[in-house]
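Residue numbers start from 1 in every chain, and the chains themselves are labelled A, B, ... in the order their sequence lines are given, proteins ahead of strands.
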Protein chains: 2
Amino acid sequence: MLNQAVRTSVTPVKPGNSASSASDQFSMVMVHAGLVASEFCYKKEEEIYGEDEPAEYVYQVVTGAVRNYKLLSDGRRQIGAFYLPGDVFGLESGPVHRLTAEAIVDTTVRLLKRRSVEQAAATDVNVARSLWAMTAGELRHAEDHMLLLGRKNAMERVANFLLEMDRRLAVAGLLALPMCRRDIGDYLGLTLETVSRALSQLHSQGVLGFSGARQISLRNRQHLHNMDA
Amino acid sequence: MLNQAVRTSVTPVKPGNSASSASDQFSMVMVHAGLVASEFCYKKEEEIYGEDEPAEYVYQVVTGAVRNYKLLSDGRRQIGAFYLPGDVFGLESGPVHRLTAEAIVDTTVRLLKRRSVEQAAATDVNVARSLWAMTAGELRHAEDHMLLLGRKNAMERVANFLLEMDRRLAVAGLLALPMCRRDIGDYLGLTLETVSRALSQLHSQGVLGFSGARQISLRNRQHLHNMDA
DNA sequence: CGAAGCTTTGACGGCAGTCAAACCCTGTGG
DNA sequence: CCACAGGGTTTGACTGCCGTCAAAGCTTCG
C-alpha cells in the first residue's frame, strides 16, 4: 500500500492558489505538536485507503490528485471530492474511513499518524479546533455539492465544475485536469457522454478553449457564473 | 425570531429511538461546561435562522421537526437534512450558518449560546472532541446523501427515505411524517409527484400501509432494503 | 507505428419532470 | 353539525433531458 518512503518534512506544501486554510492548519498541527510528516508516493489508479478501513493516517496532497468515492453494489460510483495539492484528506473523527481514496495520477502525499494527531488535539486546544475546522470545511463542500446533485441541470453542473477547478488548480489561466471524463461525470452525477457534450457546447460557444481534452482555458468566466445558477 | 422563552433545562431530551450520540454529546457539553439551555418555540413554517446569518446559537430539537436547506436564485430548493427530536443542529465551526433552518411543524428547541459552547471547548478537550464528532456526523450523512442524489433512481431514493425515517422517528411501528411531499422531494432531489407515485406503487405492492397520507406503516422492510441498492 | 484507452459524436429510448385536473383531508365558520 | 374553502395528495397525459448503445476519432505511449 505504501510504496515508497521518500523523505520527511515539516515545511508547508505549495502555498499556491489552493489557498484553503486547511493546508495551513495541517502545517500548524505538525508544528504545534512537534510532529514530522513522512512522504509517500502512490501510482496512478492506486488505492490509498478503502471504505470502512481503519483510519490510521491523515494525508496531505503534495503533487498529483486523489478521488474520494463511494460505490453501490452494482458499480455505480459517486465521487464526493477531488483532492489537489495542498488539500488534506483522510481525516476522520470516528474509527474508519467512510469513502475510498485513490490516486488519479502518480501522487505524492505527506502523512501523519492519526494517533499522533489525536494526541496533539488532546493537549492543544488549537489543534483540536483545526481538526474541527477541517471537517467543517469538508461538510461545507458536501452541502454545496448536494445542491448541485439534487437540483442543477447538466450544464449548470459542468459550469460549476469548471469554476471550481479554475479556482483550485489553474496556473497561468490554464486548467490541466488530472481526471478523465468518467471521473468528472461520477463527481457531477452525470455520464461521461453528457460531460463531453456540455464541454463541446461550451467550446463551440467560445466560452472555453481546448489544448487536448484535458487542457482547458476559460475564456468567459462570467458566462460560466451565469450558467451555474 | 425567538418566540417564547419557556423554561431552562439541563436534562437530556427524549432518550427515545433517535439514539444518535449527538444528543448525548449535547447534554455532555452542557454538563461538562455547567451551561444551561433555554427552551424556545417556533411556529409551523417559521424560520429559525437564515443562510449566511451569524451563527449565535446551537440548537437541539425537543419536539417537532426542522428542515435545513439551500435555495437557488430561481427557487429550486435542496433540503440537506431533517432534524427530529434529539437532533442537534445549527452548530458551525465558522462564523455563519450555511443553510436556512425552518420549523416544519410547531417545534420546541433547546438552545445554547454559541459563545458559551466555544468557551467550553477552549477549556475542556472533551467538549472540543464532541463538537468535532457532531460535525463529523453531519458530514457522514451528507456523504451518504451525495451518493443518493448523484446515483440512485427515484424508487431507491424513496425506499432509503422510508428506512431513514423508520429508524429515526418510528414509534410502535408507525411513521408519522411531519413533512409534506414537496419537502420529501426537495430532500431526495425529486418532484413531489414522483415521490407520490413511488409511495403509491409501494402501497399497491403491499410494502407499506397508509393511515392518511402522512401516517405510514412499513410492512416489508427487507423489500425496502433490497430496493435501496 | 500500432494498440489501447480516452474522447467525441450520433441515434434512440426511458425515467422522471411538467402541466393539469380530480380527489381528499383538515380546519373553520355559519 | 354541516358546508365550504384551502391546501395537500394522487393520478393521468405528455414532454424532454439525460442515459444508453454504438461507432468513429484522437492521444499517448510502448
Side-chain angles (χ1 to χ4, degrees), chain A residues 43-45 65 67 72 74-78 104-106 148-159 161-162 175-205 208-216 227 229, chain B residues 43-45 65 67 72 74-78 104-106 148-161 175-205 208-216 227 229:
Chain A
K43 292 219 169 357
K44 185 171 146 74
E45 307 293 296
R67 57 181 171 243
L72 294 176
D74 62 0
R76 282 174 288 175
R77 182 179 67 161
Q78 179 62 43
I104 297 174
V105 294
D106 290 353
L148 178 149
L149 293 171
R151 289 305 179 206
K152 292 186 183 179
N153 66 31
M155 186 54 79
E156 290 167 346
R157 297 183 199 203
V158 171
F161 171 78
L162 290 170
L175 283 185
L177 297 178
M179 72 289 286
C180 66
R181 297 290 186 265
R182 177 176 298 278
D183 287 340
I184 299 172
D186 285 352
Y187 179 59
L188 299 179
L190 301 170
T191 61
L192 65 94
E193 292 94 334
T194 298
V195 172
S196 178
R197 275 185 253 268
L199 290 174
S200 294
Q201 185 183 331
L202 292 172
H203 184 224
S204 72
Q205 291 172 345
L208 56 81
F210 280 116
S211 324
R214 299 197 193 180
Q215 302 280 326
I216 297 178
M227 286 180 147
Chain B
K43 292 220 170 352
K44 184 171 145 73
E45 306 292 298
R67 57 180 172 244
L72 294 176
D74 62 0
R76 282 174 287 176
R77 183 178 66 160
Q78 179 61 44
I104 296 173
V105 295
D106 290 353
L148 178 148
L149 294 171
R151 288 305 180 207
K152 292 186 182 178
N153 66 31
M155 186 55 79
E156 290 167 345
R157 295 182 200 204
V158 171
N160 183 92
F161 171 78
L175 284 184
L177 297 178
M179 72 288 286
C180 66
R181 296 291 187 265
R182 178 175 298 278
D183 287 340
I184 299 173
D186 285 352
Y187 179 58
L188 299 179
L190 301 170
T191 60
L192 64 93
E193 294 94 332
T194 298
V195 172
S196 178
R197 276 185 251 268
L199 290 173
S200 294
Q201 184 182 333
L202 291 172
H203 184 225
S204 72
Q205 292 171 343
L208 57 81
F210 280 116
S211 324
R214 299 197 190 179
Q215 302 280 325
I216 296 178
M227 285 179 148

Could you check how far [atom1] of [X] sits from [atom2] of [N], rounded to whole Å?
| X | N | atom1 | atom2 | answer |
| --- | --- | --- | --- | --- |
| A/R181 | D/dG19 | CZ | C1' | 18 Å |
| A/Q215 | C/dC6 | CD | P | 17 Å |
| A/R77 | D/dG19 | CZ | C1' | 17 Å |
| A/L208 | C/dT7 | CG | C1' | 15 Å |
| A/E193 | C/dT7 | CD | P | 11 Å |
| A/M155 | D/dG16 | CE | P | 18 Å |
| B/L149 | D/dC18 | CG | P | 16 Å |
| B/R214 | D/dT10 | CZ | C1' | 14 Å |

Would one find a side-chain N or O of B/S200 under 4.0 angstrom from OP1 or OP2 of D/dT11?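 Answer is yes, contact under 4.0 Å.
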Is any side-chain N or O of B/T191 closer than 4.0 Å to OP1 or OP2 of C/dT18?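 No, outside the criterion.
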Nearest heavy atom decides the nucleotide; on that basis, is A/R151 or A/L192 closer to the 5' end of DNA chain C?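 The residue whose closest nucleotide sits nearer the 5' end is A/L192.
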Quick one: on DNA chain C, does A/R197 or A/M179 contact a more 5' nucleotide (nearest heavy atom)?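 The residue mapped nearer the 5' terminus is A/M179.
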If we ignore hydrogens and angles and just use 3.5 Å, is the side chain of A/D186 paired with the main-chain N or O of A/Q78 as donor and acceptor?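 Side chain of A/D186 to backbone of A/Q78, a donor-acceptor pair under 3.5 Å: no, none is there.
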Using atom types as modelled and distance alone, determine if a side-chain donor or acceptor of A/R181 lies under 3.5 Å from a backbone N or O of A/A213.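 Yes; judged by distance alone, with no hydrogens or angles, the pair exists.
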Flag if over 12 foreign heavy atoms under 6.0 Å of CZ, B/R77: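 Result for CZ/B/R77: enclosed.
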Would you find more than 12 non-hydrogen atoms of other residues, nucleotides or ligands less than 6.0 Å from B/R76 atom CZ?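 Buried by this count: over 12 neighbours within 6.0 Å.
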Between A/L177 and A/F161, is any pair of side-chain heavy atoms under 4.5 Å apart?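 Answer yes - side chains close enough.
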For A/L190, answer base if it contacts any base atom (sugar-phosphate contacts may also be present), sugar-phosphate if it contacts only those atoms, and nothing otherwise; contact means non-hydrogen atoms under 4.0 Å.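 Counting heavy atoms under 4.0 Å across all strands, the contact made by A/L190 is with sugar-phosphate only.
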Looking across every strand, which nucleic acid part, if any, lies under 4.0 Å from B/G185 by heavy atom: base, sugar-phosphate, or nothing?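 It contacts nothing in the nucleic acid.
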Taking the minimum atom-to-atom distance to the side chain of B/T194, which one of D/dC18, D/dT11, C/dG17 wins?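 For the B/T194 side chain, the nearest candidate turns out to be C/dG17.
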